[in-house]
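Step one of this worksheet: look at the structure below.
Keep in mind the model is a prediction, meaning the values are calculated, not measured.
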Amino acid sequence: MRDLKTHRQGWDEIEREQRRFTDDLTIAQSVSIFLSLCETMAPLMKETEELFRQEREAYLTELQAWLRRLDAWRDQYGSPGKPL
């Protein structure tokens, strides 16, 4: 049986790989991946809709707030690649 330190090192490696992969993604690529995952998960979400409705509504509320903050930030600082 592997010790805890070995497991932590394994997770550290996974987290490094995730950062390496996601740091290179554009916003458009990230959104595309997210929408693809949503489409893939749609049948399961329909099956569990009633069970997880409150959690999903809370998440969507949080997502909307985040998008409003992003929009306000873009209004203040401009879009990436766009002169200020």
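Side-chain atoms of T40 come within 3.5 Å of backbone N or O of S36 as a donor-acceptor pair. Checking side-chain atoms of T48 against main-chain N and O of L51 turns up no donor-acceptor pair under 3.5 Å.
For residues 52-63, the set of pairs meeting the salt bridge (charged side-chain N to carboxylate O under 4.0 Å, His left out) definition, not counting sequence neighbours, comprises E49-R53.
Linking ILVMFWY side-chain heavy atoms closer than 4.5 Å, directly or via other members, places Y59 and W66 in a single hydrophobic cluster. Using a 4.5 Å cut-off between side-chain heavy atoms of Ile, Leu, Val, Met, Phe, Trp and Tyr, with links allowed through other members, M45 and L35 fall into different hydrophobic clusters. Under a hydrophobic clustering in which Ile, Leu, Val, Met, Phe, Trp and Tyr are joined whenever their side-chain heavy atoms come within less than 4.5 Å, directly or via other members, L70 and I27 fall into the same cluster. By the rule that hydrophobic residues join a cluster once side-chain heavy atoms approach within less than 4.5 Å of another member, V31 and M41 end up as members of separate clusters. Clustering ILVMFWY residues whenever any of their side-chain heavy atoms sit less than 4.5 angstrom apart, transitively, puts F52 in a cluster other than the one holding L60.
By the neighbour-count criterion of 12 heavy atoms within 6.0 Å, atom CD of E39 is sparsely surrounded, having that number or fewer from other residues, nucleotides or ligands.
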